[in-house]
Number of protein chains: 4
Amino acid sequence: MPDTTGTTGKAQGKEEQPRRRQARGERRIAQLLEAAAAVFCTSGYTAASTNAIAREAGVSPGTLYQFFPNKEAIAIELSDRLLHEMRETYSEALAPIAPGTPVEEAVAAAVDRFTAFNRRHPVLFALMHSPEIPGRMAQDHDALHAAMLVRIEELLSSLLAPGTPPAAVARTAHMVLGFYKAGLELVLAHEGAEQEAYVQELKDALTRYLDPLVTSCGQPAHS
Amino acid sequence: MPDTTGTTGKAQGKEEQPRRRQARGERRIAQLLEAAAAVFCTSGYTAASTNAIAREAGVSPGTLYQFFPNKEAIAIELSDRLLHEMRETYSEALAPIAPGTPVEEAVAAAVDRFTAFNRRHPVLFALMHSPEIPGRMAQDHDALHAAMLVRIEELLSSLLAPGTPPAAVARTAHMVLGFYKAGLELVLAHEGAEQEAYVQELKDALTRYLDPLVTSCGQPAHS
Amino acid sequence: MPDTTGTTGKAQGKEEQPRRRQARGERRIAQLLEAAAAVFCTSGYTAASTNAIAREAGVSPGTLYQFFPNKEAIAIELSDRLLHEMRETYSEALAPIAPGTPVEEAVAAAVDRFTAFNRRHPVLFALMHSPEIPGRMAQDHDALHAAMLVRIEELLSSLLAPGTPPAAVARTAHMVLGFYKAGLELVLAHEGAEQEAYVQELKDALTRYLDPLVTSCGQPAHS
Amino acid sequence: MPDTTGTTGKAQGKEEQPRRRQARGERRIAQLLEAAAAVFCTSGYTAASTNAIAREAGVSPGTLYQFFPNKEAIAIELSDRLLHEMRETYSEALAPIAPGTPVEEAVAAAVDRFTAFNRRHPVLFALMHSPEIPGRMAQDHDALHAAMLVRIEELLSSLLAPGTPPAAVARTAHMVLGFYKAGLELVLAHEGAEQEAYVQELKDALTRYLDPLVTSCGQPAHS
DNA sequence: GATGAATGAGGATTCATTCAT
DNA sequence: TATGAATGAATCCTCATTCAT
């Protein structure tokens with residue numbers, strides 16, 4: 001019978017070690033994640049080999065496995081950190097959007113921020129499109145996906161008509177996320193003016209999609 | 001190149017015989033493509049192994065390679081057949097849309113047909129999302145992608161305002177395809193009423209996106 | 001494909017099974033051997049695939065195996081035919097050499113004939129160098145090799161000093177054959193004037209090698 | 001990357017310790033090359049499978065590929081090491097030949113040394129005859145071949161008549177190498193007295209071939 | 001006899017992961 | 001902790017050969 005009581009102490013005797021270790025470990029981990037990000041970007045998750053990641057990080061494969069139990073864990077941790085940063089970015093930058101901003105403006109602001117973030121972290125894109133199906137990767141992917149959904153739902157909840165049932169909100173959030181990803185793919189696939197055009201197109205599409213769902217007492221986005 | 005037709009160098013006086021052999025091969029090819037479709041569906045293109053496909057088809061790996069030079073060729077042939085069927089389906093079913101149908105109706109009809117087709121051929125979805133990066137697959141995959149783009153552009157050209165510049169049409173087509181894929185993913189991920197709801201959501205989104213782009217002399221989709 | 005038989009009518013009644021069959025069979029065999037020769041030349045024996053040979057011959061693999069039990073048998077038959085032709089060529093063309101020709105002349109004549117033959121049948125070279133080791137191929141290869149040895153021993157027996165022990169003759173024949181092959185490789189590897197130079201070099205080398213072994217009562221090859 | 005050799009207290013007094021990691025690898029490489037040599041000898045380069053080599057070395061296929069990117073690389077490294085050893089052997093053993101040694105003596109010494117080397121390293125023979133056609137192997141193979149040519153040209157340059165044009169020297173070197181290979185094949189194919197006889201025959205042949213090309217101011221090898 | 005489909009063991013190579021040091 | 005060697009199953013693909021028609 002496995003002990004599930006959780007009483008297994010966390011290394012009672014030694015208080016000091018963890019810190020030191022973690023310090024160095026943190027560096028290694030960051031190093032590895034950075035490498036992983038690079039490799040995921042250029043090869044995609046599936047095609048990325050752990051050996052390649054280790055090599056990119058300048059360490060041996062053994063070292064990599066000292067910090068991550070398997071390839072998936074790397075992607076998960078990467079996603080988590082990205083998520084964390086995204087959350088931070090938003091808590092400080094998204095707040096101002098909330099009030100009674102017109103949809104168009106809110107969407108534009110959100111799209112701008114998201115795309116900015118995606119441009120700063122190209123891996124995000126790779127991770128979003130990773131799970132060709134590998135099944136288990138689901139959790140990871142879902143973490144990222146779910147987190148973004150939550151973000152979006154938050155945004156929507158302040159935009160959509162008050163009476164909107166949660167299911168509809170969720171549905172809309174899914175749609176918005178899907179559209180955003182699709183649009184992002186196009187945005188990233190182009191450059192210069194064409195890229196700009198796609199950004200605008202994406203904003204327009206989302207705005208038009210959301211506009212009718214917004215509380216009617218407000219201001220329609222388009223006059 | 002699985003084109004095995006007409007390779008009979010002789011072509012003497014007989015008409016029937018030469019086919020027999022090819023019939024078996026033709027059947028095998030169909031069988032293999034079916035198997036490939038199944039495997040692609042459950043594992044995705046990248047993760048699908050040729051041996052797995054052969055096994056699924058109940059033949060030896062060698063047999064598979066008698067008909068297809070490599071994995072990619074399977075996907076290509078599969079795409080081609082799908083494309084072909086899609087074209088057929090459209091030539092007989094899409095025509096009526098053209099005239100002066102209101103956007104809403106046109107979109108609804110198109111989405112219904114596409115989703116029906118996708119439901120009948122789940123591989124389509126797998127193939128559309130195949131190329132995690134593999135690069136070369138690009139052409140093939142693009143064949144499918146490009147074909148759909150063409151379909152969409154055709155539809156759009158009869159819907160969009162006459163003066164719309166080609167670049168804008170192309171952009172819109174890309175957006176529509178991206179949105180469609182995104183929506184389809186959600187549609188296929190749900191069932192029953194929820195699925196229906198997503199279908200509707202997708203139609204709404206596309207309609208709203210396209211409506212303002214449509215010639216104003218017509219009737220706006222929403223009254 | 002030059003049809004060299006030409007005499008066989010095409011669609012007669014079928015009275016004489018055995019003849020007919022062999023007639024057609026012979027043609028097929030010749031066809032296959034020709035194809036094999038081509039493929040062996042371009043790919044070498046080991047790398048040549050039976051399927052490639054069949055394809056080159058314009059027949060199906062099955063047909064190939066109707067005439068030859070395996071790949072080796074093809075090489076063997078090819079060697080045999082080459083041998084046969086070589087024998088014929090020599091019986092009519094080598095005879096005049098025999099008498100009391102000075103070594104230099106004899107060698108020159110022999111080299112010229114052999115190289116001519118090799119140029120007319122490039123496979124010979126491929127077959128001579130075939131058996132990377134495959135062991136069993138030994139017999140075949142040896143057939144060709146042994147036959148050439150016999151030829152050479154015949155030539156030598158009329159050149160070498162009468163008292164030369166058989167073992168020495170055999171040894172010399174082996175050496176001569178080895179040198180000839182080595183020289184041929186160089187000859188075939190070059191063109192134009194350089195090729196000529198190598199031919200001359202080969203002649204010189206063989207002449208010098210054999211000269212001291214020749215009966216002293218005769219005339220030294222170099223004056 | 002900072003010092004990764006792990007100079008921590010472990011390896012103070014010993015000389016071997018610090019190498020340990022690399023030593024193991026070095027040993028594996030040697031082991032693998034040895035195994036490869038054995039397999040190449042018995043099967044020839046083309047027929048030798050990497051799995052067979054790994055098996056012969058008592059390791060898994062993966063291990064082989066940790067040290068060599070592909071089969072060719074094994075042959076190349078093997079050739080290189082052989083070459084290296086050959087060079088060493090020569091720098092200490094071939095030097096004395098140079099002065100004004102008569103051809104006969106020089107050839108005898110060279111043949112003795114080469115054959116001794118070949119007997120000690122039977123692979124050399126296998127590698128020399130490797131490239132049935134594989135094309136790419138050319139470079140590698142050529143490395144060995146070219147190196148031997150260079151050796152021979154060096155020897156020849158001090159033997160041949162001073163005025164001999166470079167092209168002729170090169171041609172002669174090619175011939176000598178070809179003859180040597182051919183002779184070696186016969187030498188290695190026999191044993192005991194017969195082998196000795198072939199060695200002598202080879203020496204004689206080369207001597208006679210080269211003698212007339214040697215500077216006339218010297219002494220002809222045979223008086 | 002001819003065809004072309006079928007076989008399946010085998011080949012080179014990769015890669016996530018573990019192990020000894 | 002870091003290293004790099006080791007693993008071995010799995011991948012794509014080939015080919016001599018056989019079989020059903």
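Order of the sequence lines sets the chain letters (A, B, ...), proteins ahead of strands, with each chain counted from 1.
Where pairing requires Watson-Crick or G-U contacts shorter than 3.5 Å, the helical stems of DNA chain E with at least three consecutive pairs are E:2-21 with F:2-21.
Heavy-atom distances to DNA chain F give each of B/Lys71 and D/Gly62 a nearest nucleotide, and the one nearer the 5′ end belongs to D/Gly62. Each of D/Tyr65 and B/Leu64 has a nearest nucleotide on DNA chain E; the 5'-most of these lies closest to B/Leu64. Comparing C/Ser60 and A/Pro69 against DNA chain E, the residue whose closest nucleotide sits nearer the 5' end is C/Ser60.
Closest to the side chain of C/Asn51, from the set E/dT13, F/dA16, E/dA5, is F/dA16. If you check F/dT7, E/dT7, F/dT3 against the side chain of D/Thr63, the one that comes closest is F/dT7. Out of F/dC13, E/dA5, F/dG4, the shortest distance to the side chain of B/Pro61 is found at F/dC13. Nearest nucleotide to the C/Thr50 side chain, out of F/dA2, E/dA6, F/dA16: F/dA16. With F/dT3, E/dA12, F/dA6 as the candidates, the nucleotide lying closest to the side chain of A/Arg28 is F/dT3.
Interatomic distance, A/Leu78 CG to A/Ile29 CD1, rounded to the nearest 0.5 Å: 12.0 Å. Distance check: D/Arg81 CZ to D/Ile76 CD1 gives 13.5 Å after rounding to the nearest 0.5 Å. Distance check: A/Ile74 CD1 to A/Ser79 OG gives 11.5 Å after rounding to the nearest 0.5 Å. We find the CZ-CZ distance between A/Arg28 and A/Phe68 to be 12.0 Å, quoted to the nearest 0.5 Å.
When the C1' atom of E/dT14 is taken as reference, atom CD of D/Gln66 falls 12 Å away, rounded to whole Å. Look at CZ on B/Arg24: it is 7 Å from C1' on E/dG4, rounded to the nearest Å. A straight line from CG of D/Leu32 to P of E/dA12 spans 14 Å, rounded to a whole angstrom. Computed from coordinates, the C/Ile53 CD1 to F/dC15 P distance equals 12 Å when rounded to whole Å. One interatomic measurement links the two molecules: CZ of B/Arg27 to C1' of E/dA6, which rounds to 14 Å at whole-angstrom precision. In this structure, D/Arg55 atom CZ and E/dG11 atom C1' are separated by 11 Å, rounded to whole Å. Distance C/Phe68 CZ to E/dA2 P: 12 Å, rounded to the nearest Å. Nucleotide F/dC13 holds its P atom 9 Å from the CD atom of B/Glu72, rounded to whole Å.
The backbone N or O of D/Val59 lies less than 3.5 Å from no partner atom in the side chain of D/Thr63, so there is not a single donor-acceptor pair.
Seen from the ring of B/Tyr45, B/Lys71 counts as a face-on cation partner, given the 6.0 Å and 45° thresholds.
For B/Gln31, the CD atom counts as densely surrounded, since its 6.0 Å shell holds more than 12 non-hydrogen atoms of other residues, nucleotides or ligands.
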N/O donor-acceptor pairs under 3.5 Å from side chains in residues 50-58 of chain A, not counting sequence neighbours:
none

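Note on B/Ala48: only backbone sugar-phosphate atoms sit closer than 4.0 angstrom, heavy atoms only; bases stay farther off. Backbone-only contact: C/Ser49 has heavy atoms under 4.0 Å from sugar-phosphate atoms and none from a base.
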